[in-house]
Each structure stands twice: as C-alpha cells, then as structure tokens.
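When a residue number appears, it is its place in the shown sequence, counting from 1. As a basis for the values below, the full set of heavy atoms in this structure was taken, side chains included, without hydrogen atoms, waters or symmetry mates. Nothing here was measured: the structure is a model prediction, and the numbers come from that model.
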Amino acid sequence: VPIDNGDIEVVILIEDRLNGAKTIYPLQIEGVFPARQQLSNWTTSEVEDVLARIEYLLRDDGDGVRNVEVVAIHNVVQALYDTNKISMSEATAIIDFMFNAVISNHLEAYEDGDSSRDTQDVLSELAMLTLLTSSADIINATHVLQVLTEIYLTNLVQTLWSNLDNYTVSELFMIVDAAQELLTNLDEFLSFLVGDDSVDEQYINNVLEFIIEFELYLSKVALLNSSPGEVYRFDSDDDRKHIHALKFQSGNN
C-alpha cells in the first residue's frame, strides 16, 4: 500500500476458510520498505537502508519474530537476491535467522506444555515454514532437513494425535494439506543437494524414504476423525504428487 512519503507499507490479507466460512482481514507490521524505484535500479545506499530496516524488525525485543514480519521480510529478501542486489550468503543469513526463530517459538511452546494449539496457530506456523523453505538456494538446506524431519514433524503429529477432540474433520484436512506442502518443499531440497560432495548420498536416500513414509502417514492422520467412506486427497500444484487415502471399515471393527 503506497503511503505519502513514497514508501510501501506492508499489509498482509488473511483469508480464513474454516468450516466453509470465508473471512478476509488485514494484519499490518511496524516498518516500511522503500518503493522509490524498481529494484533493479536501487542504489547501494537504498539496499543498505532496506537491510537496516530488516535488522530493526528482527531485533530481539523479547516477543520473537511475528509471522507477518516473516512474510514481508522473506519477500523483500527474495526480490533483492533475485535482482543481484544482495549476495547468496547475505540472503541466507536472514532467511536462516527467521527459520530458526520460527522453530524456537515452536519449541518454546512445547517446552511450556502448550501442545494443544488451535488450528490457526498450527496453520500459521506451517505456512511460515513453507514460505521460508520455498527457495533451497537461500537457506541452509541440510540444517532445515534435519530440524524438520527429526524434530518438528514428529512434534506436529504428536500434537494432532494427543488433541484429536480439538480438531474437526475439515481442520485436520487443512493442517495435513499444509504439512504436505511443506514436505513438497523438502523434496526440492533433496534435488538441490544431489551432486553436493559434502552431503552423503545415503543420507539423501534416508531422508527421501522418511518424506515418502511421512506423506502417507499424514494421509492417515487426516482421516482420524472421519467416518468410513471418507477420502483424503492431496495433489501438488506442479502435478507431480498425488496422495489419495480412503477410510473403510474392516469386518465387524
């Protein structure tokens, strides 16, 4: 949204589709990013100004990094990197910081015993992680794979299993869909690491096996609160992945 001084104020529109209802509401962040020229024409001082604003937003004020800040900063950093205004290492440092902040917030909630998080919290967290892992070249891919496969995804499933009564059928479907999108990004990470001499080939195979098994396991989780005969479907945007699961009743059980 352009404002009087020629800058852009970032406004995030959230579309809530839970239970068939559709509500759109705005969220705003403190801070603006320059829009004086096209990125390709930005001067070094203008880029440094934006990086200073990002550093300000990521300062440790005790409240952690908010999701709307993650969205805004990621989009700006991606644009700066794509137009060769910042280096890969500069972009990676910022994205890594935000990834670790999101994971830190998640672990803090777990350590405090806050495992029964509502649907919006879970979806928002998954959305942030999916966004941050959307470009394998500006994030520490091996670190991300380790944290998500060994810690985060396990915690996610434990949350769903332990608090099934808190989630409707549609909410479980939405959460599992979001988790599948994140796993799709991890597939891309493995492709990015193939050929990297510093990464063991067996490690890549092991992670790939985990991802495939977890994708199928999540389809089971999606149907936990469903009735026999209901179907869960996930089809990736690139049409490369199709996961369909059917809940049925066996014998007298």
Side-chain angles (χ1 to χ4, degrees), residues 1-16 23-109 117 120-145 147-148 152 178 181-182 185 188-189 192:
V1 179
I3 52 182
D4 292 341
N5 61 5
D7 290 350
I8 285 183
E9 182 177 18
V10 179
V11 179
I12 313 299
L13 294 179
I14 306 298
E15 184 175 305
D16 185 353
T23 306
I24 297 180
Y25 56 94
L27 293 175
Q28 293 178 269
I29 70 169
E30 301 168 3
V32 292
F33 296 106
R36 290 182 288 273
Q37 301 170 350
Q38 293 294 323
L39 277 175
S40 58
N41 297 324
W42 276 13
T43 65
T44 300
S45 62
E46 287 177 313
V47 172
E48 290 175 349
D49 177 54
V50 171
L51 293 178
R53 292 168 188 257
I54 289 174
E55 182 179 358
Y56 173 78
L57 286 172
L58 294 179
R59 72 195 186 285
D60 185 6
D61 57 7
D63 295 329
V65 178
R66 291 182 294 169
N67 291 337
V68 287
E69 293 169 347
V70 171
V71 172
I73 293 170
H74 176 274
N75 291 344
V76 171
V77 169
Q78 183 73 61
L80 289 172
Y81 174 69
D82 289 343
T83 53
N84 299 314
K85 292 299 180 181
I86 59 176
S87 66
M88 179 183 291
S89 60
E90 288 175 311
T92 300
I94 297 171
I95 302 302
D96 279 352
F97 181 91
M98 292 194 294
F99 173 83
N100 290 331
V102 173
I103 292 297
S104 178
N105 291 342
H106 165 80
L107 293 176
E108 184 177 341
R117 306 168 71 197
Q120 195 59 54
D121 287 339
V122 177
L123 287 174
S124 181
E125 188 174 79
L126 283 165
M128 293 308 98
L129 292 173
T130 301
L131 176 67
L132 291 171
T133 57
S134 59
S135 298
D137 53 342
I138 55 171
I139 195 169
N140 187 331
T142 53
H143 172 67
V144 167
L145 285 170
V147 170
L148 293 182
Y152 179 78
E181 295 286 358
L182 177 59
N185 282 357
E188 296 297 324
F189 273 38
F192 181 77

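Nearest heavy-atom pair across Thr130 and Ala178 is OG1-O, 4.0 Å. Nearest heavy atoms, Ala136 versus Ala141: O-CB, 4.5 Å. The two residues Leu58 and Met98 come nearest to each other via the heavy atoms CD2-CG, 3.9 Å.
Partners of Ser87 according to the side chain to side chain donor-acceptor pair (under 3.5 Å) rule, which considers only residues two or more places apart in sequence or in another chain, are Ser89, Glu90. Scored by the side-chain contact (heavy atoms from CB on, under 4.5 Å) test, Ala101 finds Val65 as partners (sequence neighbours excluded). Qualifying side-chain contact (heavy atoms from CB on, under 4.5 Å) partners for Ser124, counting only residues two or more places apart in sequence or in other chains: Asn67. Annotation: side chain to side chain donor-acceptor pair (under 3.5 Å) contacts of Glu48 (sequence neighbours excluded): none. By the side-chain contact (heavy atoms from CB on, under 4.5 Å) test, Ala127 pairs with no residue at all, sequence neighbours left out. Residues satisfying the side chain to side chain donor-acceptor pair (under 3.5 Å) test with Ser135, not counting sequence neighbours, are Gln78. Residues that satisfy the side-chain contact (heavy atoms from CB on, under 4.5 Å) test with Val147, not counting sequence neighbours, are Phe99, Ile103, His143. Partners of Asp96 by side chain to side chain donor-acceptor pair (under 3.5 Å), not counting sequence neighbours: none found.
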Leu126 vs Tyr152, side-chain contact (heavy atoms from CB on, under 4.5 Å): CA-CA, chis, key distance, verdict: CA-CA 10 Å; Leu126 283 165; Tyr152 179 78; 3.6 Å; yes

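How far CD1 of Ile54 is from CG of Leu80: 6.5 Å, rounded to the nearest 0.5 Å. A distance of 9.0 Å separates CD1 of Ile86 from OH of Tyr81, quoted to the nearest 0.5 Å. Note: Leu132 CG to Ile94 CD1 = 12.0 Å, rounded to the nearest 0.5 Å. How far CZ of Phe192 is from OG1 of Thr142: 10.0 Å, rounded to the nearest 0.5 Å. The distance from the CG atom of Asn100 to the CG atom of Asn140 is 8.5 Å, given to the nearest 0.5 Å. Atom CD1 of Ile139 and atom CZ of Phe189 lie 5.0 Å apart (nearest 0.5 Å).
Without hydrogens or angle criteria, His74 side chain to Leu131 main chain gives a donor-acceptor distance under 3.5 Å.
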